Amino acid sequence: MANKRPAKYDILFEPIKIGPKTMKNRFHQSPHCIGAGSDKPGFQMAHRGVKAEGGWAAINTEYCSIHPESDDTMRISARIWDAGDIRNLRAMTDEVHKHDCLAGVEMWYGGGHAPNMETRNTPRGPSQYVSEFETMTYCHEMDIDDIKQVQQYYVDAALRSRDAGFDFVNVYGGHAYGPAQWLNPYYNKRTDGYGGSVENRGRFWVETLEKVKNAVGHDLAIASRFAIDSLYGSGGIQVEEDGIKLIEMADHLVDVWDINVGDIAQWGEDAGPSRFYRQGHQIPWQKFVKKHSKKPVLGVGRFTDPEKMAEVIRNGELDIISCARPSISDPFMPQKIEEGRLDDIRTCIGCNVCISRWEIGGPPMICTQNATAGEEYRRGWHPEKFEKAKSDDTILVVGAGPAGSEAARVLMERGYVVHLVDSAEKVGGCVNDIATLPGLGEWSYQRDYREVQLEKLVKKNKDSQLALGGKRLGVEDILSYGADKVIIATGSHWEGDGTNCLTHDPIPGVDAGKPNQVTPEQIFAGKKQIGKRVVLMNADPYYMGPSLAEMLAAKGHEVTVIDGVGFGRYMHFTLEAPNMHRRLHELHINVIGDSWVSKVEDGRLQYYNIWGEGSRREYRGPGVLPREENRTHEWLEFDTLVLVTGRRSDDALFRDLKARKDDWAKSDIKGVYVIGDAWAPKIIADATFDGHRIAREIEEKNPQLPLPFKREASVWGTAYQPGGEYKQQWRV
Ligand code: SF4
């Protein structure tokens, strides 16, 4: 497609030289984790390759360990330890190079933050400290011999990186890793030539860059990621003190600076969730570097809007726009900007669900917006290409929430005639409510992307329809509708009787039918009066409880939480937890943890400590508890009780249709399927995936169940995975 971009974005497409290499434009995919590492070369190759195809000028690995002494297990990093890693990462660099794109590797030495649980090596650091991130890991304080050895690790890894086909190496000093620990007095307590003054604390970094540059600098560009302010104040690195000084000390050794802020224990200050940070939130720190460096400067900041990207370059704050999450959400963002197709961009919503899966240690990374993220190789999915419809079946999708709208979109992309029906006036389902919670406004992009695409697709295919705001379809309506296939995506609701993950039963006295008890949906509907003293009973580990508590406290209610699962526990993985806890503290929200509710009476509830039944366990005969009776019960009064307990599928329509299976043939219905929360409640990303998956597999014998995917597993008796078959898989 021809370039139709507005001239104001031209600046984003100007080439820029970084040392011996040239980036064709200003779009850089920053190092980010996906769970592929070096052991899943197909995943690594296809995920990075699809972005190179989408117009990025440079693509990086995730953090890449330079030696077994830096092992992040259970989290998955890339590794460039040996010939096997070179061979596996070469699959990525070869693929990236096919699209006139540079490939970079972020060389990682974790020091005391690397738990080394797989390799069992002992990490080394500037001083001996116990990591504030991996709080059981201590490092060994390096002497001069150790320093030389670890610096040689960087050199050897850079040489292996060159062999793997990389165009640039990044000496990684972000997130309190590697050389950043030497610069930062929080870690570096030395009194020799590597401690004390900033010149001494910066020495390890400067020497390492020198050695790497001498080894590979003629062939490769040298980048260095630098968290220029650790955000601790004078106890750490501050931009206008040590930050600028290090830039001046090492400027002659790098070809491009990669600037961010923060540390590893609270790295949500860098990968800021949209709940707390807008795009470009690091610019107030990043912009100092251009004034003190003669080299190009790149930086992340969840840039989603080309207007903002062009502005920061025009203002001289950055030279290159670096993106992690926006590149996951839309691997084709540069190409879409280039072609002037701004409303086709699948904008990152800043939920950090991608990060959460990696933090848990479970590949693959997933994305709320882009259901194909992580599925490029193993399922052969391409974010912008769809296999043509294999039949002229017409498809009715009931429910336009995350699952239904995505199913309808992908089916229409494939050329099917689809009717998407919802009694609500708007596409989006639960997202329409969720996006009204404090800080979650950007989550509405999940809906907006689908809404815009569906409207375009319906215009292209006049037989397809978006039927919103009509009457709710019943079984007879569907049987007589005339569709060949039916997909039910009717969502889920919060339990109104207290059923929860701790007891798996209703709680006596909990009844959302009462005027002083409310489910989240009832709060969103706004039909019930909320009293002054609110008690929120929480058995869900994600955002709903903390968000409602924040919303109600901000409106002046006195909020107490009875929590049985760890309030906002999952938000640790999305990096929202630290600021969420600060917010709860600011709003004087009282969280009574490790507790659950035994019964509710008029205006009061009884709760107990969930560990209150004693540690001794013994067999006491049938019908007798093996532990002591829990005697920790207390009463708490409320004006309104908020029920964030468990969720339940709205699957009655599906089950009723299933009960009429014998009538399907008479109505020429070939199949009825259920997806998303209506199948089982799940996070928005997984509901969206469900919709996408069934649309890709609708012709299969039983589309209800996913096709097997290609596993990158070690197979006994073979040295390496076979590889080489991916093109047929993911290039449709
Ligand atoms: Fe953005 Fe969320 Fe996707 Fe991550 S999971 S890329 S934060 S939309």
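Fair warning: this is a prediction, and the values are worked out from it, not measured in the lab. Atoms within a ligand are numbered from 1 in the order they appear, just like the ligands themselves.
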Task: atom 1 (Fe) of ligand 1: nearest protein contact (heavy atom, Å) - done: Cys348 SG, 2.4 Å

TODO: Using a cut-off of strictly less than 2.8 Å, determine whether Cys354 has an N/O/S atom near atom 4 (Fe) of ligand 1.
DONE: yes

- [ ] Considering only non-hydrogen protein atoms, determine which one is nearest to atom 2 (Fe) of ligand 1 and report residue, atom name and distance to 0.1 Å.
- [x] Cys351 SG, 2.4 Å

Task: salt bridge (charged side-chain N to carboxylate O under 4.0 Å, His left out) between Arg302 and Glu442, intermediate numbers included - done: CA-CA 12 Å; Arg302 201 173 60 84; Glu442 290 195 52; 3.1 Å; yes

Open item on the list: Below 2.8 Å, can you find an N, O or S atom of Cys367 next to atom 3 (Fe) of ligand 1?
Closed with: yes

TODO: Determine, for Phe386 and Arg414, whether the Lys NZ or Arg CZ falls below 6.0 Å from the six-membered ring centre while staying within 45 degrees of the axis.
DONE: no

- [ ] Before accepting this row, confirm whether a basic side-chain N of the pair Asp343/Lys336 lies closer than 4.0 Å to the acidic partner's carboxylate O.
- [x] no

- [ ] Return the orientation label for the His175 and Tyr172 ring planes: parallel under 30°, perpendicular over 60°, tilted otherwise.
- [x] perpendicular

Open item on the list: Using 0.5 Å steps for rounding, measure from the CD1 atom of Ile320 to the CE atom of Met309.
Closed with: 14.0 Å

Task: Expected output: side-chain Asp563 to main-chain Phe567 donor-acceptor under 3.5 Å - done: yes

Open item on the list: At less than 4.0 angstrom from any non-hydrogen atom of Gly350, what atoms of ligand 1 do you find?
Closed with: 1 (Fe), 7 (S)

- [ ] Considering only non-hydrogen protein atoms, determine which one is nearest to atom 8 (S) of ligand 1 and report residue, atom name and distance to 0.1 Å.
- [x] Ile349 N, 3.4 Å

TODO: Any atoms of ligand 1 less than 4.0 Å from a non-hydrogen atom of Asn352? List them with their elements.
DONE: 2 (Fe), 7 (S)

TODO: Mark up the atoms of ligand 1 that fall under 4.0 Å of a heavy atom belonging to Arg325, in ascending order.
DONE: 6 (S), 7 (S)

